Amino acid sequence: MNDDSLQSTSPNLCTARDCNARVKEEVERGGNASAVIILDQLINEGYLLQASDIHINPTEENILVKMRVDGVLQMVHSIPKLIHNELITRLKVLCGLRTDEHQAAMDGRLRQTCIDGIAIDIRVSIMPLYYGENAILRLLVNHQKTFSLSSLGFCKDNQEKILVAMKKPYGMILVTGPTGSGKTTTLYTLLSLQNATETSIVTIEDPIEYAIKDVNQIQVNPRTGLTFAHGLRSILRQDPNTIMVGEIRDVETAGLAVNIALTGHIVVSTLHTNDAATTLPRLLDMKIEPYLIASTVNIAIGQRLVRRLCSLCKKEKALTPIEVSELLRLIPKNEVPSILKIFTSVGCKACNQTGFSGRIGIHEVLVVTPKIRTGILERLSAAKLRAIAIDEGMTPLITDGFNKVFAGITTIEEVLKINYE
């Protein structure tokens, strides 16, 4: 993190503490507490802390409010149960949902203007539980206005591979990883590499998370029959050069995406797989013929997110002999720098005593080379394709993670979480 961003972090945290105090002040009013004020302040607090989700969970005696910051769920408030019904009703009203329905799962969306005048979209999920209805709020806000491959954590070698793939006249670029690993942000960054004035870019998403300038974005709407598959058929009549599919979820969407890529379009999309190599057998499972996969897939990007160390309070850590031996077991000896320095988290006011500030991606980029194509045609397993890719120059996820450890960006514990998840 640079100095400018550090200077902006501390005031945000101070303002978030003000929101926190305002919630507590309102709660102390007891029966006179305002659900409107509490909900507004919770959203403001989540926005200022750059939380991705706010959890409002009822228990027997109170309401627990948690926020997911940098991928970690943190307890923030305990609110008296007395205001629970008013809080959920307020959410339903803002989302345009039925306020008299309490036994069904409900999904909605609202737009809220936050404390600094920024309007953010919030996706809301309400579910009936044993002690009443809970609510999960996903804050869809773009804290980082401009993205680049470098800012996402791609090393120079991986950046070059991606740029080569994006310059090809057709083919698929697939981003893989579990939920919450930053795949959509990577897709948006890939689209930003295209020249929008000379290229027609169309996306189909569910939901649209960020508005992108000069890009035609389509929201999936199953009620009107606008699914990923139906949308893809219509997109072809929009004369696109590049198409982004939010997620390949089913056989029909996979088949359409592959055929579109084969007919002279760049298609970028996501798949839920554990690593880049598993992407290729996964397409086989979705009834795509091997020769089509070998002909259309340009690269597969596997990624995870790890927390960044706070640059103000991180400190150097000495490795024990056992830790060194474990390190050498996980990555090749020639990948370990001669002067081994790693850092650990401490905690300060700037990072809200967490020792971390923001997250960064660790990646592996599998380029579909002639040897990989042969392996696909022979229906080799993911493990064998992975071995070929590493021989062909792919940097595995774990190695890229430890490179960031050696650079002082994250901790060894963060990377080991990825390895053993």
Side-chain angles (χ1 to χ4, degrees), residues 1-28 38 40-57 59 62-79 114-116 118 120 136-139 141 143-144 151 153 180-182 304-320 323 341-362 401 404-418 421:
M1 178 179 287
N2 58 38
D3 292 338
D4 291 339
S5 59
L6 282 171
Q7 289 172 1
S8 65
T9 300
S10 187
N12 274 358
L13 288 174
C14 293
T15 313
R17 293 191 190 103
D18 293 340
C19 295
N20 187 291
R22 186 74 178 90
V23 171
K24 291 179 179 178
E25 177 186 329
E26 195 64 28
V27 166
E28 288 173 358
I38 288 177
D40 286 349
Q41 295 302 323
L42 287 178
I43 293 173
N44 281 330
E45 188 178 354
Y47 166 75
L48 292 166
L49 290 174
Q50 299 191 17
S52 60
D53 301 89
I54 300 173
H55 292 232
I56 302 174
N57 295 324
T59 64
N62 51 27
I63 308 167
L64 301 182
V65 178
K66 302 177 183 179
M67 297 188 185
R68 189 175 298 281
V69 181
D70 294 340
V72 178
L73 202 58
Q74 304 173 4
M75 178 70 180
V76 180
H77 295 286
S78 178
I79 299 175
C114 287
I115 198 165
D116 57 0
I118 300 296
I120 64 171
I136 310 298
L137 284 66
R138 168 63 58 88
L139 307 186
V141 53
H143 285 285
Q144 187 176 348
S151 68
S181 60
R304 299 288 193 280
L305 291 177
V306 294
R307 291 185 290 173
R308 280 179 179 267
L309 280 166
C310 173
S311 62
L312 287 184
C313 63
K314 67 180 180 181
K315 70 174 184 179
E316 193 174 342
K317 171 187 176 182
L319 283 176
T320 65
E323 288 174 324
K341 289 176 64 177
I342 69 168
F343 293 82
T344 189
S345 60
V346 177
C348 65
K349 288 184 178 179
C351 62
N352 205 22
Q353 304 300 328
T354 63
F356 297 93
S357 181
R359 289 190 290 177
I360 193 169
I362 62 174
K404 289 178 172 61
V405 171
F406 302 145
I409 296 172
T410 189
T411 67
I412 193 169
E413 292 82 6
E414 283 291 302
V415 175
L416 289 177
K417 283 180 190 176
I418 302 301
E421 67 179 14

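Owing to the predicted nature of the structure, the values given are computational and were not obtained by experimental measurement. In this chain, numbering begins with 1 at the start of the sequence shown.
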Is the closest side-chain heavy-atom distance between Thr354 and Ser345 below 4.5 Å?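 Sidechains of Ser345 and Thr354: no contact.
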Residues that [X] engages under side-chain hydrogen bond (donor to acceptor under 3.5 Å, both in side chains), provided they are two or more places apart:
X      : answer
Asn62  : Thr59, Ser78
Lys66  : none
Asn57  : Asn134
Arg138 : Asp53

How close do [X] and [Y] get, counting heavy atoms only, and between which atoms?
X      : Y      : answer
Leu48  : Ala16  : CD1-N, 3.8 Å
Cys313 : Gly347 : SG-N, 3.3 Å
Cys114 : Asn44  : CA-OD1, 3.3 Å
Ala350 : Leu312 : CB-CD1, 3.6 Å

Once you round to the nearest 0.5 Å, how far does [atom1] of [X] lie from [atom2] of [Y]?
X      : Y      : atom1 : atom2 : answer
His55  : Ile63  : NE2   : CD1   : 15.5 Å
Asp70  : Ser357 : CG    : OG    : 7.0 Å
Ile118 : Tyr47  : CD1   : OH    : 4.5 Å
Arg359 : Ser181 : CZ    : OG    : 9.0 Å

Residues in side chain to side chain contact (heavy atoms under 4.5 Å, CB included) with Thr411, at least two apart?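 For Thr411 the side chain to side chain contact (heavy atoms under 4.5 Å, CB included) partners, ignoring immediate neighbours, are Leu309, Phe356, Glu413, Glu414.
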For Ile54, side chain to side chain contact (heavy atoms under 4.5 Å, CB included) partners two or more places apart: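 Here the qualifying residues are Ile56, Val65, Met67, Leu137, Leu139.
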Using side-chain hydrogen bond (donor to acceptor under 3.5 Å, both in side chains) as the criterion, point out the one residue from Gln41, Lys24, Glu45 that pairs with His77.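 Answer to the side-chain hydrogen bond (donor to acceptor under 3.5 Å, both in side chains) test with His77 among Gln41, Lys24, Glu45: Glu45.
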Tell me if a side-chain donor or acceptor on Lys404 pairs with a main-chain N or O of Ile362 at a distance below 3.5 Å.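 Here the side-chain-to-backbone pair does not exist.
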Result of checking Val415, Thr410, Leu416 against Ile412 for side chain to side chain contact (heavy atoms under 4.5 Å, CB included):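 Answer to the side chain to side chain contact (heavy atoms under 4.5 Å, CB included) test with Ile412 among Val415, Thr410, Leu416: Leu416.
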Chi angles and distances behind the side chain to side chain contact (heavy atoms under 4.5 Å, CB included) call for Gln50, Val69: CA-CA 6 Å; Gln50 299 191 17; Val69 181; 5.7 Å; no
